Structure formats: C-alpha cells, structure tokens
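Structure, as structure tokens:
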Amino acid sequence: MPTAGENTLFGMGNPLLDISAVVDKDFLDKFGLKPNDQILAEDRHKALFEEIVKRNKVEYHAGGSTQNSVKIAQWMIQKPHKVATFFGCIGTDGFGEILKKKAEEAHVDAHYYEQNEEPTGTCAACITGDNRSLVANLAAANCYKKEKHLDLDGNWELVKKAKVYYIAGFFLTVSPESILKVAKHASENNKIFSVNLSAPFISQFFKEPLMMIMPYVDILFGNETEAATFAKELGFE
C-alpha cells in the first residue's frame, strides 16, 4: 500500500454540515419524523434546520458520506495532516463557513466549489434517547460542476497527487462525469480506485452511470442489502 503523505487519499462527494441535537418527541411529531430513520428533507422540513440550531447544545461536524470516510481515515493515520483531500460543493453562507472550519479541525484538505445559488447542504441528527432521526438537505451538494472545479489546473494537480481514491455512490446522482474522469486517471496510472454502493436506490435508479465507472473499480464497498440489490439489478443468479 502507498505510504501516507499529504494528499495521498482523494475523496469527492456531497459535503453536508451535520447538526446534532437532543430533541423531544414533540419536535419529532411536529416535523413528522420517526425516532430512528434517514430521510431527505422536503419543504415541510425547511424550518427544522432553523429550529434545531436554536437548541441549547448543538454539535457541528463536517459530514456527508465520503467526507466522513476520509475524515475517519485522517483520524486513524493522525500524522501527517492533510493526508486526505476532499472535493464537493457548498454555499457561500454561515453553514459553509462552519463546514470549512470543521473540515480544517479534522485536518482534511477540503477544497470546496463555492456557489451562491443554493445554501450549504445540511443533515440534522435529531437525537431522542438511543435513537437518531436523520434529515438531509443536499442543497448545494447537488450543484457540483466538473468544468468549474475538477477541471481547474490547481485542483486537478491534487487529484494527480493522490494514490488512493474513494467515492460514495451517492455522488453518481450529482456528477458522474467527474467520477469517470478521476476513475480513468486512477486506471491509467495504476492507482487504487474504490467506490461504495451507498444505498439500494443507487443500483436501482442510477445503474447506467454506476456501470459506466465499474470497469475502473478496484475495491467495491457495500452492505448485504446494497449487494443483494446490485446483484438483482444485474440479473445475477
């Protein structure tokens, strides 16, 4: 395996600011949430994000599937710092500033594409006892543009510097062309390219882009449910 130096590990995905707070049953009922669940935010959840930050003890974390993974890798490696590079899209707003600060605190070398059309993506973790109800609002995370970020010389140099690549399947819903460019680079330069199946819906509804990058994948991650759905979609016995 490659030695861990700066920017050895590259991740690209949907950056979300995780906002975690203890809430009560009334809060869950108000926004129609189950105690233990993961959902995408709808219009009725817009006020939830404003309301949860007014709570007494709110914790912020640099989140999102891929960013979480490279952050944990960095934590396990400890030093040098900035072993992990991360690309994704955020908004030019308060939550975006907090996200940048939290990524920096985790020693991740985050280079975000910043735009002002959509707010920074957030994920509210509503904690009741031992349960947590997750509500994700992708917002800016959906706005990543290959030609405005990945293709820029300075950013592409960081991609080339890496030896191991990790991208969650969720990013297939945003910029499959970005994933393909990175995948081809990894393949042509004999580097390790890994992908996560992420969720059953990726194999079901984004099978075409998923199979477009599959020839380049060295390591494929997935849990039992995701693997079973992937097999079913491809007609495996």
Side-chain angles (χ1 to χ4, degrees), residues 9-23 31 33 36-55 57-75 84-127 131-145 149-150 166-176 178-179 195-199 201-202 206 221 226:
L9 170 63
F10 176 84
M12 182 167 58
N14 300 333
L16 300 176
L17 179 65
D18 286 346
I19 307 167
S20 179
V22 174
V23 301
F31 294 103
L33 304 175
N36 215 6
D37 202 9
Q38 301 180 60
I39 63 163
L40 285 176
E42 297 169 21
D43 282 344
R44 64 189 172 129
H45 300 119
K46 290 270 168 74
L48 179 151
F49 296 94
E50 293 163 22
E51 204 164 310
I52 202 166
V53 297
K54 291 174 187 167
R55 302 254 145 187
K57 289 185 180 174
V58 177
E59 286 186 16
Y60 294 107
H61 301 279
S65 182
T66 301
Q67 189 164 230
N68 272 334
S69 298
V70 300
K71 190 172 77 172
I72 294 299
Q74 178 65 62
W75 172 76
T85 314
F86 178 76
F87 285 5
C89 182
I90 64 171
T92 50
D93 51 23
F95 281 161
E97 291 306 311
I98 297 171
L99 187 50
K100 285 193 275 188
K101 182 165 165 273
K102 289 296 169 185
E104 197 177 326
E105 284 174 10
H107 307 300
V108 170
D109 194 14
H111 292 259
Y112 300 116
Y113 167 51
E114 298 182 43
Q115 48 74 59
N116 55 17
E117 286 170 29
E118 287 288 338
T120 298
T122 45
C123 181
C126 310
I127 299 161
N131 294 319
R132 64 171 195 173
S133 187
L134 300 179
V135 186
N137 180 27
L138 293 178
N142 276 325
C143 302
Y144 189 82
K145 297 278 186 290
H149 195 261
L150 185 70
Y166 173 78
I167 299 174
F170 293 123
F171 202 55
L172 286 164
T173 71
V174 176
S175 187
S178 295
I179 303 176
V195 166
N196 200 315
L197 291 171
S198 293
F201 81 85
I202 298 294
F206 296 89
F221 294 91
E226 291 153 9

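From a predicted model like this one, the values you see are computed outputs, not experimental measurements. In what follows, every heavy atom counts, from backbone to side chain, and hydrogens, waters and symmetry copies are set aside.
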Notebook entry, point to check: Among all residues two or more places apart in sequence or in another chain, which pass the ring-ring contact (aromatic ring centres under 6.0 Å, His included) test with Phe31?
Noted result: Phe27
Check: When rounded to the nearest 0.5 angstrom, what distance separates CG in Asn36 from CZ in Arg132?
Finding: 8.0 Å
Check: So which heavy atom on Ala62 is nearest to which on Leu99, and how close?
Finding: CA-CD1, 3.5 Å
Next item on the list: Measure across Cys89 and Gln115 and return the closest heavy-atom pair with its distance rounded to 0.1 Å.
Entry: SG-CG, 3.5 Å
Next item on the list: Write down the atom of Ala125, the atom of Leu134, and the distance for their closest heavy-atom approach.
Entry: CB-CD2, 3.6 Å
Margin query: List the residues meeting side-chain hydrogen bond (donor to acceptor under 3.5 Å, both in side chains) with Thr85, not counting sequence neighbours, and say none if there are none.
Written below: Asn7
Check: Leu48 and Leu33: side-chain contact (heavy atoms from CB on, under 4.5 Å), yes or no, with the steps?
Finding: CA-CA 11 Å; Leu48 179 151; Leu33 304 175; 3.7 Å; yes
Note to self: List the residues meeting side-chain hydrogen bond (donor to acceptor under 3.5 Å, both in side chains) with Asp93, not counting sequence neighbours, and say none if there are none.
What the structure shows: Thr120
Notebook entry, point to check: Does Ile19 reach the side chain of Tyr60, with side-chain heavy atoms less than 4.5 Å apart?
Noted result: yes
Check: For Tyr144, which residues count as a ring-ring contact (aromatic ring centres under 6.0 Å, His included) partner, sequence neighbours excluded?
Finding: His149, Phe171
Next item on the list: State which residues pass salt bridge (Lys or Arg N to Asp or Glu O under 4.0 Å) with Lys100; sequence neighbours excluded, sorted by chain then number.
Entry: Glu97, Glu114
Notebook entry, point to check: Quick one: side chain to side chain contact (heavy atoms under 4.5 Å, CB included) partners of Ala41, sequence neighbours excluded?
Noted result: His45, Phe49, Val135, Asn137
Margin query: Under a 3.5 Å distance rule, please check whether Lys71 uses its side chain to pair with a backbone N or O of Ala106 as donor and acceptor.
Written below: no
Checklist line | Rounded distance (nearest 0.5 Å) linking atom CD of Glu117 with atom CG of Asn142 | finding: 12.5 Å
Check: How long is the gap from CG on Asn68 to CG on Leu16, to the nearest 0.5 Å?
Finding: 8.5 Å
Next item on the list: Flag the pair Asn196 / Ser65 as yes when at least one side-chain heavy-atom distance between them is below 4.5 Å, and no otherwise.
Entry: no
Next item on the list: Mark yes or no for whether Glu42, through its side chain, and Arg44, through its backbone, hold a donor-acceptor pair below 3.5 Å.
Entry: no
Checklist line | Interatomic spacing from OG1 in Thr173 to CZ in Phe206 - rounded to 0.5 Å | finding: 5.0 Å
Notebook entry, point to check: Closest approach of Phe95 and Leu17, non-hydrogen atoms and distance?
Noted result: CD2-CD2, 3.6 Å
Next item on the list: State, with a plain yes or no, whether a side-chain heavy atom of Leu172 is found less than 4.5 Å away from one of Ile167.
Entry: no
Next item on the list: Kindly give the heavy-atom pair with the smallest separation between Ala140 and Gly91, and that separation in Å.
Entry: CB-N, 3.7 Å
Check: Considering residues at least two apart in sequence or located in another chain, which fulfil the ring-ring contact (aromatic ring centres under 6.0 Å, His included) criterion with Phe201?
Finding: none
Margin query: Determine whether a donor-acceptor pair (N or O, by modelled atom type, separation under 3.5 Å) exists between the side chain of Gln67 and the backbone of Gly63.
Written below: yes
Check: Which value, rounded to the nearest 0.5 Å, describes the distance between Ile98 atom CD1 and Ile90 atom CD1?
Finding: 11.0 Å
Item checked: Spacing of Cys126 atom SG and Asn131 atom CG [to the nearest 0.5 Å] -> 11.5 Å
Next item on the list: Please list, chain by chain and in numerical order, all residues satisfying salt bridge (Lys or Arg N to Asp or Glu O under 4.0 Å) with Glu104, sequence neighbours excluded.
Entry: none
Note to self: Using the side chain to side chain contact (heavy atoms under 4.5 Å, CB included) criterion, which residues pair with Lys145? Sequence neighbours excluded.
What the structure shows: Tyr113, Glu147, Lys148
Checklist line | For Ser178, side-chain hydrogen bond (donor to acceptor under 3.5 Å, both in side chains) partners two or more places apart | finding: Ser175
Margin query: Would you say that Phe170 contacts Leu138 through its side chain, given a criterion of any heavy-atom pair below 4.5 Å between the two side chains?
Written below: no
Checklist line | Counterpart residues, side-chain hydrogen bond (donor to acceptor under 3.5 Å, both in side chains), relative to Gln38 (two or more places apart) | finding: none
Check: Under the salt bridge (Lys or Arg N to Asp or Glu O under 4.0 Å) test, which residues partner Lys46, sequence neighbours left out?
Finding: Asp43
Checklist line | Working for salt bridge (charged side-chain N to carboxylate O under 4.0 Å, His left out), residues Glu105 and Lys101 | finding: CA-CA 6 Å; Glu105 284 174 10; Lys101 182 165 165 273; 3.4 Å; yes
Item checked: Least distance between heavy atoms, Gly169 atom then Ile202 atom -> O-CD1, 3.5 Å
